[in-house]
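Please read these numbers as outputs of a predicted model, since none were measured by experiment.
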Amino acid sequence: MEYRYLGKTGLKISRLGFGGIPIQRVDQEKTKSLMEKLLSLGVNYIDTARGYTVSEEYLGYALSGIRDKFILATKSMARTREAMEKDIEISLKNLKTDTIDLYQVHNASVSDLDAVSAPGGALEALFEAKEKGKISHIGVTMHSKEAFEKALSLDWVETIMFPYNLVETHGEDLIQKCKEKNIGFIVMKPLAGGALENADLAIRYILNNDAVSVVIPGMYDEKEAEQNVRAAENISPLTEAEKAEIERIRKELGNEFCRRCNYCQPCTVGINISGVFLFEGYLKRYGLGEWAKGRYETLNKKAKDCIECGVCETRCPYNLPIRQMLKRASLSMDE
């Protein structure tokens, strides 16, 4: 296993980390076994979030006795000081730890970054928690390139998490800027939400980019962990045959694959279009039916509310047939 410093944090982490969404499918004991397996394989970076239902609690139980062997990261959707203070305390309790190594502002938009930085914003709580030793470092996660660009200009941002995989490469120029500014870059969605079946090729593609600090595929069993570690330990240059395979995959998925850039927004009737497709992906690819539908139900407008005006399709840089895709999503999510 190769190890890197996570940008200016100075944390030495494995280039393959653990994404904590899928363990919602298992239980505490299986999570504990998985953590012990990851430790034996040399994986020392763990990522979870307040929004991943039981994930923090499972990890708190699973890391008992071995907490000091891991770099632990979590994140919160809180935007105000009060809400962030509350979430930090909940995370500390759930994770059964005195200090969280990296606490991230979760899924931030440009306006969210303004809000958390404003007086009374979440950043005040993060700074205070850092001063008290409750957290060690501060990062952000996002899906839009505009938010990525803004985060690069903020001096308090120590790490950035953004989607990057075989078919989502629109942030590559900004990933390079992370390296230049010594900001740790964390790859989310390495398998494009499960759309990419060849995990070995997907992980090797990502880790061939020297600007990537760590990639965090979601895992819930030991077999997945072993497979992903093998890929991370074989960061050899891609062959011509593999490059051709990548182009084939891009052509196959590129026509009807949501990159969550959100250029299609705002929807005429208020549908969170990329959110619908994200939750549909968790349902179909991760098998998280109850969780995905639960999150889907929080949306004010559902896929079935589409009036087929087509305005979104005129804005999509990938020319996706969004109306057709929403109809398909409705069959899965609105049933």
Side-chain angles (χ1 to χ4, degrees), residues 15-25 45-49 51-52 55 73-75 77 104-109 139-148 151 159-175 178 184-209 211-220 224-225 227-228 231-232 246 249-250 252-254 256-263 272-288 291-292 295-296 317-318 320 325 329:
R15 286 199 83 196
L16 182 89
F18 167 83
I21 290 181
I23 59 168
Q24 296 171 94
R25 296 175 60 179
Y45 185 82
I46 305 296
D47 177 87
T48 182
Y52 299 165
S55 181
T74 191
K75 42 196 178 290
M77 291 288 292
Q104 301 155 103
V105 177
H106 193 178
N107 194 24
S109 64
V140 294
T141 83
M142 70 280 293
H143 289 87
S144 84
K145 191 170 181 180
E146 291 79 10
F148 195 160
T159 66
I160 291 175
M161 183 191 294
F162 190 76
Y164 178 50
N165 53 60
L166 297 179
V167 292
E168 293 181 281
T169 60
H170 55 291
E172 280 187 335
D173 57 329
L174 300 182
I175 295 171
C178 281
F185 181 69
I186 304 162
V187 174
M188 70 160 107
K189 306 295 187 294
L191 302 182
L196 302 175
E197 297 179 359
N198 189 334
D200 181 87
L201 180 60
I203 290 172
R204 286 180 54 233
Y205 173 85
I206 291 166
L207 294 182
N208 263 278
N209 185 336
V212 169
S213 304
V214 59
V215 56
I216 53 169
M219 296 178 259
Y220 71 95
E224 284 185 327
Q227 178 185 26
N228 291 333
I246 289 170
I249 293 171
R250 285 174 175 166
E252 180 180 295
L253 294 179
E256 293 194 9
F257 183 80
C258 177
R259 277 85 167 174
R260 298 182 296 281
C261 66
N262 289 317
Y263 288 123
N272 180 343
I273 296 170
S274 63
V276 168
F277 297 145
L278 178 64
F279 297 140
E280 180 192 23
Y282 284 134
L283 171 67
K284 291 184 174 179
R285 296 164 187 151
Y286 282 140
L288 291 168
W291 184 78
R295 285 304 183 89
Y296 178 74
Y318 303 104
L320 295 178
M325 293 168 68

Which of parallel (below 30°), tilted (30 to 60°) and perpendicular (above 60°) describes Tyr52 and Trp291?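 It falls in the perpendicular class, over 60°.
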
Is a side-chain donor or acceptor of [X] paired with a backbone partner of [Y] at a separation under 3.5 angstrom?
{"X": "Arg15", "Y": "Leu207", "value": "yes"}
{"X": "Ser144", "Y": "Ala147", "value": "yes"}
{"X": "Ser55", "Y": "Thr48", "value": "no"}

Roughly how far, to the nearest 0.5 Å, is [atom2] of [Y] from [atom1] of [X]?
{"X": "Asn165", "Y": "Leu201", "atom1": "CG", "atom2": "CG", "answer": "11.0 Å"}
{"X": "Lys145", "Y": "Glu168", "atom1": "NZ", "atom2": "CD", "answer": "13.0 Å"}
{"X": "Tyr205", "Y": "Leu166", "atom1": "OH", "atom2": "CG", "answer": "6.5 Å"}
{"X": "Leu191", "Y": "Ile206", "atom1": "CG", "atom2": "CD1", "answer": "7.0 Å"}
{"X": "Tyr45", "Y": "Ile216", "atom1": "OH", "atom2": "CD1", "answer": "6.0 Å"}

Taking only residues two or more places apart in sequence or in another chain, which ones pass side-chain hydrogen bond (donor to acceptor under 3.5 Å, both in side chains) with Thr141?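 In terms of side-chain hydrogen bond (donor to acceptor under 3.5 Å, both in side chains), with neighbours along the sequence ignored, Thr141 is linked to no residue.
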
Apply side-chain contact (heavy atoms from CB on, under 4.5 Å) to Lys189 and Leu278, showing your working. CA-CA 11 Å; Lys189 306 295 187 294; Leu278 178 64; 4.0 Å; yes

So [Y] and [X], do their side chains get closer than 4.5 Å, heavy atoms only?
{"X": "Tyr296", "Y": "Leu283", "answer": "no"}
{"X": "Thr159", "Y": "Phe185", "answer": "no"}
{"X": "Lys75", "Y": "Asp47", "answer": "yes"}

